[in-house]
Every structure is written in C-alpha cells, then in structure tokens.
*Asks:* 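Shown below is the structure under consideration.
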Amino acid sequence: MRKRSAAAAAVTASVIVLASCSAGSDDPAADVDFSAAPTGALAAWGFENADDVGQSRLDYAADQLPDVEVTLDATAFDAQKFTTRIASGDVPDVVQMDRRYVTTYAAQGLLIPLDACFEATRVTPNERWYQNVVDDVTYDGGVYAVSQFYQPPAILLNMNVLNEAGVTPEEFDTSNMDGLLAAVGKMYQASGGTPSRLGFDPVATGQGGLWVLGMGGQLTDDSGRPTLDDPANAAGIDALKQITDAQGGYAAVKSFTDSFDTFGDANQFVKNQVGAQVANQWYPNVLGAYRDQVSLQAVPFRDADGQPFSLASGTAFAIPVGAKNPATACAWMADLTSTDAWMAAGAARAATIESKGGLNTGLFTGSPEADAMIRDQFVVPTGDDGFDQVISTYYDVVESGKSFGSSPAGQDIQNELNNAITAALLGDKTTEQALADAQQAAQRAFDNATAG
C-alpha cells in the first residue's frame, strides 16, 4: 500500500510541473494519421516478466506487423519515471499502466485520445470490451486507452471448514449481514484472543471499493470529482467493521492475514486458516496445485439488493503525447488485444497447463468475445466438481461488473479510501470522520490534477 501511495503522490506532484506539456492543441490526436501503414521503430514500455499469455500476444502482434521493429522496455510502470520521461522528451510510443492512472494523465493532456485510432483499426470499444472496462478509461467523452484483463472478485469458500462448522454456501450472502455474521461466528477460532482461523476474510483494504460500491456507495460523481464523504459510503465500511470486530478486531485480523503463505504450500486454504475469502479470479489458479488438499466452492459477492456485483480492474495501453510513431502504436495495441491474439494466448496457456498437469480456469481478458471463445475451446471439466463450480461462478459474475469510476484523481481516491477504511476499522475515527478526511485529501489531488 505504501508503494501505491508513493506512486500516486508522484502523479499528483508531477501534474503541475507537466501542465505546460498540455498547453498546445486542444486535441492531441488532431495531427496524427492513424490510418498510416504501421512501420518503423516502436518504443513500448510494459510486459514486465511476460508469461506465456503475454509472450504469445507479443509474438502474434509481431507476425501481424512485419515492418515494425519493437523495442520493449519490460520494466514495471512507475509514475515518477513516466512523468520524468514526458518532461524530458524521452517519450515511449506506447505505455502499459494500471487503468486507474489513465484518466489522471488524460486530464493533463498527456495522453492521446484514441477515438480516431479505433476508427482506423475498425475497433468498436463497447463491442470489444465490457462496458465497465471501457468506462474505466473514458474521460470527457473520449476513450484514452486500450484495456486488457478484467478478473472479477467473488467469495471463495473453503468447504472443509464450512462442512466442519455446519455452514452452507448460501449463508455467505453479503446482502444479509445478520446471516453472514452468524456463519462467520460458527467458523471463527482464536487462541488467547489471537485469531487462528477466520470465518471470513473480507480483504478490507484490498477489496474496499467492492464493499463500498456494492453496498450502494459511490467514489466519484459523473465528472470524476471524488465523493468519498457521500453518506452512502458508510454502509460498506460499517459492514467491514462488523465482520472484523466479530473476529477479534481489525488489527488482529490484519496481523493474521499478513502471515498467510498465500502463494505457498502452507496457504490459508490448505491450512484451513479461512472459511471464506474475497478473491479475484486469478487466485484459483494458485490453489489448483493443491486440489488434492482443498475443497472449494464460490459464491458471488452480492450488493445491498442481493444482486451479484463485481468491479473491473486491470491494465491498459496508452499513447503519450509526443510519441514519435503513434499510428504504429495504435495498430500494435489493437493487435495485442484482438480476439485472435487472445486465442493464441489461450492456446499457449492451455499448453502450459497440460505440461504441468494443472487446471484451466480460463482467461479473463476484458473482452466478452475472447472470454467466451477461450472458455468454449480451452476450459474443460477439471474432474473436481468444486473447482468446476468455482470456475463457473467467476464466469457468471463477470457480467455484473461495474467501473470504480473514471477520475483524474483515481489512484488517490483509492488510496484515501483505504486510509479511511483502516482508520474506521481500527476505531481511530468514526466512519463519517474518516470519510470526511479522505474526501479532503482526494479533493486536493483532484484539484491539482485538473489545475492545468
């Protein structure tokens, strides 16, 4: 969390310095001919430690663009490095970043809007990607990035613990707090006041937006202005406080979850340290290696009205203002996120899984067409009814996704929300005061981001 806060601070601190960079044309795309043939050198920044999914898509794009020579800076995105490169004129042609950053840079005029790019490549954003994924990267009526991935959260159930405690999956209904707390109490165990097993790990800060938005709150208004002090936001935080207070309090819960061997042989499901946990779609891939030791099911997170609810998150490719080869960058991004590229990735992942004897839980690409085709061709029954039910649940909830809300202060809003949740759950502040303080900080970030 400290790293994310530092990155967000770098964005906020840099936008004032960089405001002069956006002082030119009102439309950074006005002088770009996106219909030009893709050719020449392309400087790309992204694909840190590319796995089989990433490399197969890079290979596919290279085959489609034989006249393009790609130089890839395969390091992690860094906000301070990005703004420094923009200010110095060392501008990559395309850069991969978390979608929460896109609107920040779009508001500063540091990214080229891609509507003309989509027209040139015959891409219709609302058809290629889920609507909530497009909403993540839309600002002032324009789409500023090419999205990839959307791995929705759901509630992963440890059936070994549920069965031992006599709890059913149906009791994990986040729209029925009384029933949920009763189920949590049946499974929670402690020794000397210290948790030894959580009935439910809600992942309070990592999934805070899910709880706040799912319980009827909002993080931004239609203009992207932060709304953290909206009274409706209290319901999600209060639900988190009830859950953590029922299990020794937030400090004890956080200390316990920090000790989890999440990716190892002694992970929290193998060791029966949780009865249930909010988890994104990628985590069952980790647990597939331990299928002989765990028994899983999943249920959707439900909003205040009892309907399945999930949130979009992921990364995206964008073209900075000052890119030397924006037309080729446009073609490259379109090829990387095409259905054919994703099918190549699906084939590569299926081959990897087969070689390792793993389970194919699917690829969640951000594109409904690609998701469906990969599922149809590569996601076969695992031989484990529980894992098959988990996979099906994630595919079911992907359609219920919502955007966090596109805002020039998006990363700051997320960080300040986590700060508010932490303060409220620890009892350092009331929920209302924590949200009011978070709103003030997020508003300052928004004002700085839009000051140019």
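Keep in mind that the numbers below use all heavy atoms, side chains included, and drop hydrogens, waters and symmetry copies. Here the structure is a predicted model, which is why all the values come from computation and not from measurement.
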*Asks:* Crowded around Glu119 CD? As in, over 12 foreign heavy atoms under 6.0 Å?
*Replies:* no
*Asks:* Would the distance check show the side chain of Thr124 and the main-chain N or O of Asn126 forming a donor-acceptor pair, the cut-off being under 3.5 Å?
*Replies:*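 Checked: no pair found.
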*Asks:* Sequence neighbours left out, what pairs pass disulfide (SG to SG under 2.5 Å) with at least one residue falling in residues 87-154?
*Replies:* Cys117-Cys330
*Asks:* Once salt bridge (charged side-chain N to carboxylate O under 4.0 Å, His left out) is applied, do any residues pair with Arg99, and if so which ones, sequence neighbours excluded?
*Replies:* Asp136
*Asks:* Restricting to non-hydrogen atoms, name the atom on Phe364 and the atom on Pro152 that form the minimum distance, rounded to 0.1 Å.
*Replies:* CD2-CD, 3.7 Å
*Asks:* For Glu48, which residues count as a side-chain contact (heavy atoms from CB on, under 4.5 Å) partner, sequence neighbours excluded?
*Replies:*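 Testing Glu48 for side-chain contact (heavy atoms from CB on, under 4.5 Å), a comparison that skips the adjacent residues, returns Ala76.
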*Asks:* Looking at CE of Met177 and CG of Asp238, how far apart are the two atoms once the value is rounded to the nearest 0.5 Å?
*Replies:*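 One gets 9.5 Å once the value is rounded to the nearest 0.5 Å.
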*Asks:* Are any non-hydrogen side-chain atoms of Phe269 and Leu156 less than 4.5 angstrom apart?
*Replies:* yes
*Asks:* Within the structure provided, determine whether Val146 and Leu336 are in side-chain contact (heavy-atom separation under 4.5 Å).
*Replies:* no
*Asks:* Could you tell me if the side chain of Ile319 sits less than 4.5 Å from the side chain of Leu111, heavy atoms only?
*Replies:*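 No - every pair of side-chain heavy atoms lies 4.5 Å or more apart.
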*Asks:* Under the side chain to side chain donor-acceptor pair (under 3.5 Å) criterion, do Asp447 and Gln443 qualify, and how do the steps go?
*Replies:* CA-CA 6 Å; Asp447 291 341; Gln443 185 65 51; 2.9 Å; yes
*Asks:* Using side-chain heavy atoms (C-beta onward) and a distance below 4.5 Å, is Asp412 in contact with Phe446?
*Replies:* no
*Asks:* Can you find a side-chain donor-acceptor pair between Glu369 and Thr339 that sits under 3.5 Å?
*Replies:* yes
*Asks:* So do Pro226 and Gln439 actually touch side chain to side chain, heavy atoms under 4.5 Å?
*Replies:* yes
*Asks:* Can you see whether Tyr394 engages Asn280 through a side-chain donor-acceptor pair at a distance of less than 3.5 angstrom?
*Replies:* no
*Asks:* By salt bridge (charged side-chain N to carboxylate O under 4.0 Å, His left out), which residues pair with Asp115, not counting sequence neighbours?
*Replies:*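 Asp115: no salt bridge (charged side-chain N to carboxylate O under 4.0 Å, His left out) contacts found.
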*Asks:* Determine whether Thr71 and Leu42 make a side-chain contact, defined as any pair of heavy atoms from C-beta on separated by less than 4.5 Å.
*Replies:* no
*Asks:* Distance from Ile391 atom CD1 to Asp396 atom CG, nearest 0.5 Å?
*Replies:* 12.0 Å
*Asks:* How close do Thr227 and Asn233 get, counting heavy atoms only, and between which atoms?
*Replies:* O-ND2, 2.9 Å
*Asks:* Could you tell me if Gln440 and Glu416 have a donor-acceptor pair between their side chains, going purely by distance under 3.5 Å?
*Replies:*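 No donor-acceptor contact under 3.5 Å links the two side chains.
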*Asks:* Output every pair passing side chain to side chain donor-acceptor pair (under 3.5 Å) with a member in residues 215-224, not counting sequence neighbours, ordered by first then second residue.
*Replies:*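 Every side chain to side chain donor-acceptor pair (under 3.5 Å) pair that includes a residue of residues 215-224, provided the two are not neighbours, is Gln218-Asp230, Asp221-Ser223.
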*Asks:* Just to verify, what does Asp73 make a salt bridge (charged side-chain N to carboxylate O under 4.0 Å, His left out) with, not counting sequence neighbours?
*Replies:*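 For Asp73, the residues satisfying salt bridge (charged side-chain N to carboxylate O under 4.0 Å, His left out) (neighbours in sequence not counted) are Lys81, Arg85.
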*Asks:* Salt bridge or not between Lys254 and Asp258? Use side-chain N to carboxylate O under 4.0 Å.
*Replies:* yes
*Asks:* Do Gln277 side-chain atoms and Leu157 backbone N/O form a donor-acceptor pair below 3.5 Å?
*Replies:*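 Flag not set: sc Gln277 to bb Leu157 has no pair under 3.5 Å.
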*Asks:* What I want to check is whether the side chains of Thr337 and Trp342 have a donor and an acceptor closer together than 3.5 Å.
*Replies:* no
*Asks:* Between the side chain of Asp93 and the main-chain N/O of Ala44, is any donor-acceptor distance below 3.5 Å?
*Replies:* no
*Asks:* According to the ring-ring contact (aromatic ring centres under 6.0 Å, His included) rule, which pairs have a member within residues 313-333, sequence neighbours left out?
*Replies:* Phe47-Phe317
*Asks:* Could you tell me whether the side chain of Ile421 reaches within less than 4.5 Å of the side chain of Tyr250, counting heavy atoms only?
*Replies:* no
*Asks:* Is Val68 close to Val70 at the side-chain level, that is, under 4.5 Å between some pair of heavy atoms?
*Replies:* yes
*Asks:* With sequence neighbours left out, write down each residue that passes side-chain contact (heavy atoms from CB on, under 4.5 Å) with Ala246, or none if nothing qualifies.
*Replies:*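 Listed in chain order: Leu181.
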*Asks:* Hey, could you give me each pair passing ring-ring contact (aromatic ring centres under 6.0 Å, His included) that has a residue in residues 403-424? Not counting sequence neighbours.
*Replies:* none
*Asks:* List for me each residue that meets salt bridge (charged side-chain N to carboxylate O under 4.0 Å, His left out) alongside Lys402, sequence neighbours excluded, and say none if there are none.
*Replies:*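 With sequence neighbours excluded, Lys402 shows a salt bridge (charged side-chain N to carboxylate O under 4.0 Å, His left out) to no residue whatsoever.
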*Asks:* For residues 421-431, pull every pair meeting salt bridge (Lys or Arg N to Asp or Glu O under 4.0 Å), keeping only residues two or more places apart or in separate chains.
*Replies:*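 Output for this query lists Lys429-Asp437.
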*Asks:* I need the full list of side chain to side chain donor-acceptor pair (under 3.5 Å) pairs touching residues 296-311, with sequence neighbours left out, sorted by first then second residue.
*Replies:* Tyr150-Ser310
